[in-house]
Every structure is written in structure tokens, then in C-alpha cells.
Amino acid sequence: MKVALAANGAGAKLKDSIKDYLLGKGYEIEDLSHEDIFIATENVVDAILTKGITRGIVVDDYGVAPFMIAAKHHGIVCAPTYEDYTSSMTRRHNSTQIITLGANVTAEKLSCELAENFVKTEYDGGRHQIRIDMLNREV
Amino acid sequence: MKVALAANGAGAKLKDSIKDYLLGKGYEIEDLSHEDIFIATENVVDAILTKGITRGIVVDDYGVAPFMIAAKHHGIVCAPTYEDYTSSMTRRHNSTQIITLGANVTAEKLSCELAENFVKTEYDGGRHQIRIDMLNREV
Amino acid sequence: MKIAIGCDHIVTDIKIKAAEFLKKQGHEVIDVGTYDFIRTHYPIYGRKVGKLVATGEADLGVCICGTGIGINNAAQKVKGVRAACVADVQTAVAAKENLNANVIGCGGRVIGIGSIEYILEAFLKAEYKPTPEKDALIAKIDGLIDDNDCIENDALFDEYLKKWEEGYYHD
Amino acid sequence: MKIAIGCDHIVTDIKIKAAEFLKKQGHEVIDVGTYDFIRTHYPIYGRKVGKLVATGEADLGVCICGTGIGINNAAQKVKGVRAACVADVQTAVAAKENLNANVIGCGGRVIGIGSIEYILEAFLKAEYKPTPEKDALIAKIDGLIDDNDCIENDALFDEYLKKWEEGYYHD
């Protein structure tokens, strides 16, 4: 599986750790980083919406700006992720394609494990799909 | 105020960040680090129990081992601390003298702010003292 | 302050406690539901909170579901909303100071009510600290959604609710 | 597995949910209290959980109070207990794998029931991975408390409860 990964300067170091970790687990990585968090996030959104990549991870200081940017897009569900439960459940129930991580908040080791949980967990589908359809009606 | 600070190898980098941060806020630091987490923690316990220091912080990978070591001592309350609410409330209600932080879990910036909350918050006393007296009866 | 609050059926009890906390702090609270534990759908309540904030009927919004993710994505998709979904005080403050977030959210199954109260209090107290760079980023975020019928069309989700009733969606 | 669980009056509802989760997973649960929201004192319940674990009457213990700190310090002060008070799954697993923790705790006002369930499940599934270094550290931790009357003396706290009744402790 190929994962789109991006950071701005504040998230660069953490992003590099996640990249190494996921490469070590056998994932392919497309690094779409950019100094400007708006462009970095848009790069990942574009990879999901137009390039057939199914998982994206964006890292900055707190994970808030990339959440605001990514979730504004039709067809995107984005999850700021700070712990284990969210990293799995947001895949299972929300079909989330992009998570954000905050380098000021979550340490490298935990971030890498959250990233892996996210990329390896599948969507439950079923009744949850009505909510995704509603999100896609909003914008 | 003087703060006793210690780490083993796994916590050394985070400990140095906290040291710089607290020094910058005007606190004095006694660095009692040791490669062995048992000795590092015992150093901080000893500083609290015998040297008139009122706050200690111990850093390793997950903050669990120093909690086990410190809390075994008569007269010590120790708090593994991962977020803001605990960093303040454990002072206000538990009169905690030592917190532990996990370098694998909590990033530098958040850790520094939790450390500062802990050192600057005072104990509420009052009804809470019966629980402290009970803890001190156990061992 | 006038604060809109919403949740899904997983965390109604947590939402009630958060609303009570806000009222005790002197705020006016508009609870858009859900009001019980009967199964419903988080986009309904995320959109309602977002609409009240985007139209200025509420100053700020609070969105809680199990992880916080679903309902805060729903709020985020309303033009003019800048939602933060957090698990700690520091992120909530940064969201206000740097991005002038107008909706704060969290997972009611992720964090506890003590943490939630700390986050709400800190978020309400924090103020946006404008710079030209921050203003420009916020303008770009707000510009991502073109004008659409999401805010004024209260029948937005009717076709999906009809399909739900008909059994189209099932596990 | 036989699991002792305890809490203070701040989080009795959270403790009930955690106990229910453990029972649904097939475990036998010994709930040492407290059983309602009447003000009481966390050391009573931390010691009770610790005693059941230290004596082998329970395989593992679970301790929850507002932050988790008070009750887990109380459990920790029982000889033979190695308590971890955590906010995330990874720390819970590390506590078992590296320190053979026999009590797991958390703050019921800090983290939510979804996170708690994940932590309990991961902690119960994890296994101690012994090395000579880990064994030595565990022996040193267990050796920190000399033999005392904490486990067998069920009247340990009576003098403080009497002073409490007499109004000695007040805000």
C-alpha cells in the first residue's frame, strides 16, 4: 500500500520518523511535504482524490490546520489523531483517508504506532455509510 | 524554587528540554540523572525526602518504572502525567511531589508545559489531607 | 457567550455534562441535540452547530461524538467553520490563537469530562493572535468551500434518511 | 481471569462500565467498591485492590479515580503490587511487557470509556517478556517495601476515618 505523507517545517522531523517506520513495515511512501502547510495538505488531498492513494498523513505543530484544510474537501474525511482508539476507530467508522499528527503533542514512537494502526485498519462499511454520504452532500 | 530532575538514557533528551525550559522560567534545577532508572528515581525521592526539595520530575521511556519506584516510598505521592488536567489536579488534590513523563509518548513542547503546570500549582489541602494521611499509613 | 453544542447518540451523557459546565460558567448554550441515546447520525448535529456558528447565531460551537472525528468533519464542511478536534488543552489554545477556530470538539469516548472541562475553559479564554500570515491562511481555508446550499437547506439529508428508513443502509 | 476493580466516588459510573466490559470479555470481576457517589476516600479502594492482587486472590487489578493518581498510589503502596497509571494503550502494554505490572489504572475524568476499553483489552492480552535485567528491576521494586501490616490489617485506616467523622479534616 502506498501512503501519502507530508509535513511543513514544524512537522518535518516527526514526518521523517514516520516515513522510516512505515518504510520498515513494507509500505510505499509518497512524500509531498512543503514548507507551507496549506500546500502540503492540498498535495495529500490531491493524491487521495486523483491519484488512487488511499491513505494520507499530514504532520505540523498541532495537527489542527491540516484538519481544517483537508476536511473542507468533498470526498475527504480527516482525523486529528492523538491516541490509539481514534487511530483505529476513525478507519472503522468514518472511512477516514487522512490523519493529522501534532509534533508538539505526540512523541515519535507513539506517532509511528498511530500511523501504522491507521494505515492497516479497514472501514467497517454497513450502517456507517449513511454518515459518509451525508458528509459528501454537505460539500 | 528548586526542582529535582532525572532521566535514564531513554529520557535524557526530553529531560534536557525540560531542564532548559524550566531554567528559562526562573526555576533552579538539580539534575540527578543516572543511566539506571532505579537509581535516577531513588535520587529524586531522596532529594524530596531529605534535602528540602519540593518537586521532582523523572523521565524515561513510558513513565511507568519511576512511578512504581517512587510511589513505594513512605511520604511520596507520584503521578505519571500525560496531559494538562492531571498536571494541575495531582498537585491540588494529591499533593504530588514527583511526576513522571514518558519520552515515547509525550512530545517535548507538551512535556515542558506539563512540567511547568506541575511545579507552579499548589496543594488545596483541607479534606484532601485524610487521603494523604492514609497513604502514609500504608507504608 | 452564546455557544452551540451538539453530539451523536453515543455521548449524549457527556454532552449534557459539558453543556452544564458551560452554563455554570455563565454562557448561553444552544443544544442542537441529539437529546437521547436513540441511534441517529452525527452529520445532522455537526451541520446544525456549524450553521449556527457560520450564520453568527452562536459565537462558538462544541461538537462531541465517540471519537469526535465524524461530527467535527460535519461541522468543518460548513462554509465559515474552522473546527478543531482535540485531546489536550494546548492544541485547543493553539487552534484559537493561530487559526481563530470557532468550533471546538473532542471524542467523548476518548477523553474524560475533567479534560473536556479544562479544554473548553482554555479554548473560551484563548484569543486569536492575528498576523498577516495567519489571516492569509484563514482566508484560504474559508475559501476552500464555494457557496452551496449546505447552510440554508434544512432538508439537505432527507434523501439519505429516507433510504435509511427503507433499509438501504445495513450492516 | 479474576480481576479486582476499585474506584472512588468521582468515577463510579466509569468503573461500572469498565467492569461490564471485563465481564463481557469473559473475566470474573471482584468489585471492591465504592458502589455509589457518596464521598469516600480513594486509599480504601486502592488498598483493597492491591491486597487482592498481592495475596493472589485476584490475578490482576484495575484502579480508577478522577485522575487515577490517588488510587494507584494507594495500590502501589501495597507490597507486591506493581501498578501502572496510564492514558494510552502503548504505555499499558509496555508496563506489562517490561515490568510485569499487575494493576492497571487510569483517570476516569482524564480518558473516556473507549480508550479505557482499549487499554484494558491490550493490557490483559500483553505478556511479560522477561530478561535478567527486567527481573532484577522488578525484584528491586518489590524489595522497596519491608513487611508491614498493610495487607492483613483491615482496620488500617480506622483512626483517620474517626478523625474525619469528628470533623478534623475540613476545607
Side-chain angles (χ1 to χ4, degrees), chain B residues 8 10 36-39 41-42 45 60-96 98-102 104-106 124-139, chain D residues 8 39 41-44 46-47 50 65-70 72-79 81-88 90-95 98-99 101 105 107 109-111 136-138 140-146 148-150 153 156-157 159-161 163-164 168-171:
Chain B
N8 65 355
D36 181 336
I37 192 62
F38 190 86
I39 298 172
T41 308
E42 290 285 277
V45 168
D60 70 344
D61 50 1
Y62 289 97
V64 178
F67 170 48
M68 290 183 179
I69 298 160
K72 290 288 181 192
H73 287 270
H74 175 83
I76 292 287
V77 181
C78 179
T81 300
Y82 305 101
E83 51 67 57
D84 213 78
Y85 178 71
T86 302
S87 68
S88 301
M89 290 305 287
T90 202
R91 283 290 311 148
R92 293 189 52 198
H93 288 188
N94 306 121
S95 193
T96 296
I98 300 175
I99 61 167
T100 72
L101 294 163
N104 282 1
V105 178
T106 312
D124 284 354
R127 72 179 187 281
H128 299 292
Q129 188 57 37
I130 183 176
R131 292 110 192 206
I132 310 302
D133 289 348
M134 287 173 159
L135 293 179
N136 288 334
R137 178 64 185 82
E138 285 188 81
V139 63
Chain D
D8 74 356
R39 182 177 284 172
H41 313 291
Y42 55 74
I44 299 170
R47 175 187 165 272
C65 67
T67 59
I69 302 305
N72 284 288
N73 270 269
Q76 200 80 277
K77 288 181 190 297
V78 178
K79 188 175 178 65
V81 165
R82 288 178 306 281
C85 182
V86 311
D88 66 278
Q90 284 75 7
T91 301
V93 170
N98 299 329
L99 294 150
R109 284 176 61 85
V110 174
I111 61 174
L137 177 55
I138 289 170
K140 279 201 271 190
I141 291 169
D142 289 344
L144 282 168
I145 295 180
D146 295 328
N148 60 24
D149 68 343
C150 178
N153 182 1
L156 199 70
F157 299 139
E159 60 177 307
Y160 306 101
L161 293 169
K163 282 164 79 180
W164 173 272
Y168 176 85
Y169 298 102
H170 53 80
D171 289 338

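In what follows, every chain begins at residue 1, and chains take the letters A, B, ... in the order their sequences are listed.
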Pair B/Phe38, D/Leu144 - check side chain to side chain contact (heavy atoms under 4.5 Å, CB included), show working. CA-CA 11 Å; B/Phe38 190 86; D/Leu144 282 168; 3.7 Å; yes
If I compare all heavy atoms of D/Leu137 with all of B/Ala65, which pair ends up nearest, and what's the gap? CD2-CB, 4.5 Å
Considering only heavy atoms, which portion of B/Thr41 lies under 4.5 Å from any heavy atom of chain D: side chain, backbone, both, or neither? neither
Quick check on the interface: out of D/Gly107, D/Ala101, D/Ala94, who has the most heavy-atom pairs with chain B under 4.5 Å? D/Ala94
Please walk me through it: do D/Tyr42 and B/Asn94 pass side-chain hydrogen bond (donor to acceptor under 3.5 Å, both in side chains)? CA-CA 11 Å; D/Tyr42 55 74; B/Asn94 306 121; 3.1 Å; yes
Can you tell me how far apart NE2 (D/His41) and CD1 (B/Ile132) are? Round to the nearest 0.5 Å. 12.0 Å
Between B/His74 and D/Ile145, does the side chain to side chain contact (heavy atoms under 4.5 Å, CB included) criterion hold? Intermediate values first, please. CA-CA 9 Å; B/His74 175 83; D/Ile145 295 180; over 6 Å; no
Okay, B/Asn104 and chain D: the region with an atom under 4.5 Å from a heavy atom over there is neither
Determine whether D/Asn73 and B/Phe67 make a side-chain contact, defined as any pair of heavy atoms from C-beta on separated by less than 4.5 Å. yes
Looking at B/Gln129, B/Arg131, B/His93, which one has more heavy-atom pairs under 4.5 Å with chain D than the rest? B/Arg131
Between D/Gly46, D/Gly50, D/Ala74, D/Ala84, which has the largest tally of heavy atom pairs under 4.5 Å with chain B? D/Ala74
In Å, rounded to the nearest 0.5 Å, how long is the span from OG1 of B/Thr106 to CG of D/Asp88? 7.5 Å
In terms of heavy-atom pairs under 4.5 Å with chain B, the winner among D/Ala95, D/Ala83, D/Gly66 is D/Ala83
Taking side chain as everything from C-beta outward and backbone as N, CA, C, O, which of these in B/Tyr82 sits under 4.5 Å from a heavy atom of chain D? Side chain, backbone, both or neither. side chain
Tell me which of these, D/Lys77, D/Lys163, D/Gln90, D/Arg39, has more heavy-atom pairs under 4.5 Å with chain B than the rest. D/Lys77
Rounded to the nearest 0.5 Å, the NE2 atom of B/His73 sits from the CD atom of D/Gln76 at a distance of 11.0 Å
Can you tell me how far CG of B/Asp61 sits from CG of D/Asn98, rounded to the nearest 0.5 angstrom? 6.5 Å
I need the residue from B/Gly63, B/Cys78, B/Pro80, B/Ala70 with the largest number of non-hydrogen atom pairs under 4.5 Å to chain D. B/Cys78
Answer whether the closest heavy-atom distance between the side chains of D/Trp164 and B/Arg127 falls below 4.5 Å. yes
For B/Val77, is it the side chain, the backbone, both or neither that has a heavy atom under 4.5 Å from a heavy atom of chain D? both
Is the shortest heavy-atom distance from the side chain of B/Met68 to the side chain of D/Val81 under 4.5 Å? no
Under the side chain to side chain contact (heavy atoms under 4.5 Å, CB included) criterion, do B/Arg137 and D/Asp149 qualify, and how do the steps go? CA-CA 10 Å; B/Arg137 178 64 185 82; D/Asp149 68 343; 2.6 Å; yes
Between OH of D/Tyr169 and NE2 of B/His128, what distance do you get to the nearest 0.5 Å? 13.5 Å
Between D/Leu161 and B/Met134, is any pair of side-chain heavy atoms under 4.5 Å apart? yes
When only pairs under 4.5 Å are counted, which of B/Leu135, B/Val64, B/Ile130 shares the most heavy-atom pairs with chain D? B/Ile130
Best-contacting candidate, D/Ile138, D/Thr67, D/Ile44, D/Asn153, against chain B by heavy atom pairs under 4.5 angstrom: D/Thr67
Could you walk me through whether B/Val105 and D/Val86 satisfy the side chain to side chain contact (heavy atoms under 4.5 Å, CB included) test, starting with their C-alpha distance in whole Å, then the side-chain angles of each, then the deciding distance to 0.1 Å, before giving a yes or no? CA-CA 11 Å; B/Val105 178; D/Val86 311; over 6 Å; no
Which atoms of B/Glu83 approach chain D - backbone, side chain, both or neither, heavy atom under 4.5 Å: side chain
